[in-house]
Amino acid sequence: MAQFIKLYNENPNSKEISKIVKVLQDGGIIIYPTDTVYGLGCDITNTKALEKIAKIKGVKLEKANFSFICNDLSHLSDYVKQINTPTYKILKRALPGPYTFILPGSNSLPKVFKKRKTVGIRVPDNTIARAIVEALGNPIVSTSIHDEDEIIEYTTDPELIFEKWQSIVDVVVDGGYGDNYASTVIDLTDDYPEVIREGKGSLDIL
């Protein structure tokens, strides 16, 4: 059964963050809060964990549209080709924030993503999510958890999430109620930004 770990966004407990990081390093799967909906995540460097998440979502790993959750823009050059100044300015304006940016993938992507031309980058405005990534030392790969309810697209109550997912994942992080709006997805791979999905993030940043 999964661990249920309560954390506060204003000041996440570093001992609990270390526990979560240990689970990720051991190939575990976590559910954690972001500035939008709760996410399902694992260590980007652990292929077995990535395969587990793909299986849970019922998708082929190579074709999965997972986001890379970073704690700031310093990891960009590890996974993204060099970007121009206007693109970088948009990222600086928007992040941390409720956005996923589609950017051109670099040659140093993890092996399972090598054939991908693009990657989705997230820097959530959530201290818990960023503290986990910072302590881990590299991004986590993430995907939103959906609700079977057709009206409520995303489960927002961490206790209900735990009830449903406790036998599937290794840790559920309770960071308070989540949002019911996903991130705004913007493609920055061309000369002009293209909004793929309008979510919580305002388009004023473009």
Side-chain angles (χ1 to χ4, degrees), residues 1-46 48-50 52-53 56 66-80 91-101 103 110 119-145 154-162 165-166 168-185 199-201 205:
M1 193 170 94
Q3 298 178 64
F4 190 58
I5 297 177
K6 173 87 180 160
L7 287 172
Y8 295 94
N9 194 35
E10 300 77 37
N11 188 18
N13 181 301
S14 57
K15 276 190 181 166
E16 301 290 16
I17 293 285
S18 297
K19 269 192 216 169
I20 297 162
V21 166
K22 177 79 171 69
V23 167
L24 288 167
Q25 288 168 336
D26 291 343
I29 309 289
I30 68 168
I31 289 176
Y32 67 100
T34 71
D35 52 355
T36 57
V37 298
Y38 268 79
L40 184 68
C42 73
D43 186 338
I44 197 173
T45 64
N46 192 306
K48 281 196 172 151
L50 290 166
K52 267 192 230 169
I53 285 197
I56 290 168
F66 296 151
S67 302
F68 292 8
I69 306 288
C70 306
N71 67 311
D72 56 32
L73 292 175
S74 63
H75 283 294
L76 262 195
S77 56
D78 296 340
Y79 307 106
V80 172
L91 299 178
K92 284 293 279 183
R93 268 200 300 277
L95 302 173
Y99 300 90
T100 302
F101 288 105
L103 295 163
V119 290
I121 298 287
R122 279 267 279 130
V123 182
D125 188 10
N126 179 285
T127 314
I128 296 166
R130 294 207 314 277
I132 293 167
V133 174
E134 187 174 12
L136 181 63
N138 54 257
I140 52 181
V141 160
S142 184
T143 179
S144 303
I145 59 165
Y154 302 100
T155 312
T156 59
D157 183 339
E159 291 191 5
L160 291 178
I161 291 170
F162 181 70
W165 290 83
Q166 59 186 321
I168 303 166
V169 302
D170 302 285
V171 172
V172 174
V173 182
D174 174 1
Y177 275 81
D179 212 316
N180 202 24
Y181 293 99
S183 62
T184 291
V185 181
K200 190 178 173 186
I205 52 121

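Just so it is clear, the model here is predicted, and its values are computed rather than measured. Sequence positions, counted from 1, serve as the residue numbers for this chain.
Distance alone, capped at 3.5 Å, is enough to place a donor-acceptor pair between the Lys52 side chain and the Gly27 backbone. Side-chain atoms of Asp26 never come within 3.5 Å of backbone atoms of Gly28 as a donor-acceptor pair (strictly under, hydrogens ignored).
Considering all non-hydrogen atoms of both residues, Ser77 and Ser74 come closest at OG-O, 4.1 Å. Considering every non-hydrogen atom in both Arg130 and Pro124, the closest pair reads NH1-O, 2.9 Å. Taking each heavy atom of Tyr38 and Pro158 in turn, the nearest pair found is OH-CG, 3.6 Å. Heavy-atom minimum distance, Gly175 versus Pro33: CA-CG, 3.9 Å. Counting all heavy atoms, side chain and backbone alike, Ile205 lies closest to Ala94 at CD1-CB, 3.8 Å. Nearest heavy-atom pair across Thr34 and Asn126 is O-ND2, 3.3 Å.
Tested against Gln3 for a side-chain contact (heavy atoms from CB on, under 4.5 Å), the candidates Val23, Asp170, Ile20 yield a single pass: Val23. For the side-chain contact (heavy atoms from CB on, under 4.5 Å) test with Tyr32, the passing option among Val172, Val173, Val133 is Val173; the others fail. The only option from Ile30, Ile145, Ile31 that meets the side-chain contact (heavy atoms from CB on, under 4.5 Å) definition with Val169 turns out to be Ile31.
One finds the SG atom of Cys42 at 7.5 Å from the CG atom of Leu24 (value rounded to the nearest 0.5 Å). Between the OG1 atom of Thr156 and the OH atom of Tyr181 there is a distance of 11.5 Å, given to the nearest 0.5 Å. Here CD1 of Ile121 is found 4.5 Å from SG of Cys70. Values are rounded to the nearest 0.5 Å. Taken from CD1 in Ile56 to CD1 in Ile168, the straight-line distance is 6.5 Å, to the nearest 0.5 Å. For the atom pair CD1 of Ile29 and CG of Leu50, the computed distance is 8.0 Å after rounding to the nearest 0.5 Å. A distance of 7.0 Å separates CD1 in Ile17 from CD1 in Ile128, rounded to the nearest 0.5 Å.
Between Phe68 and Tyr79, the angle of the ring planes goes over 60°, which puts this pair in the perpendicular group of the 30/60° scheme.
A salt bridge links Arg122 to Asp35: at least one charged side-chain nitrogen sits closer than 4.0 Å to a carboxylate oxygen.
For residues 5-15, every residue pair satisfying the side chain to side chain donor-acceptor pair (under 3.5 Å) rule, not counting sequence neighbours, is listed here: Asn9-Thr127.
Heavy-atom contacts from other residues, nucleotides or ligands closer than 6.0 Å to CZ of Phe4 number more than 12. Under a cut-off of 6.0 angstrom, the local environment of CD in Gln25 is crowded, with over 12 non-hydrogen atoms contributed by other residues, nucleotides or ligands.
Residues Ile69 and Ile132 fail the side-chain proximity criterion, which asks for heavy atoms closer than 4.5 Å. The side-chain heavy atoms of Asp78 and Asn138, taken from C-beta on, include no pair separated by under 4.5 Å.
With hydrogens and angles left out, the side-chain atoms of Thr100 and Ser183 include a donor and acceptor closer than 3.5 Å.
Residues that satisfy the salt bridge (Lys or Arg N to Asp or Glu O under 4.0 Å) test with Lys200, not counting sequence neighbours, are Asp179.
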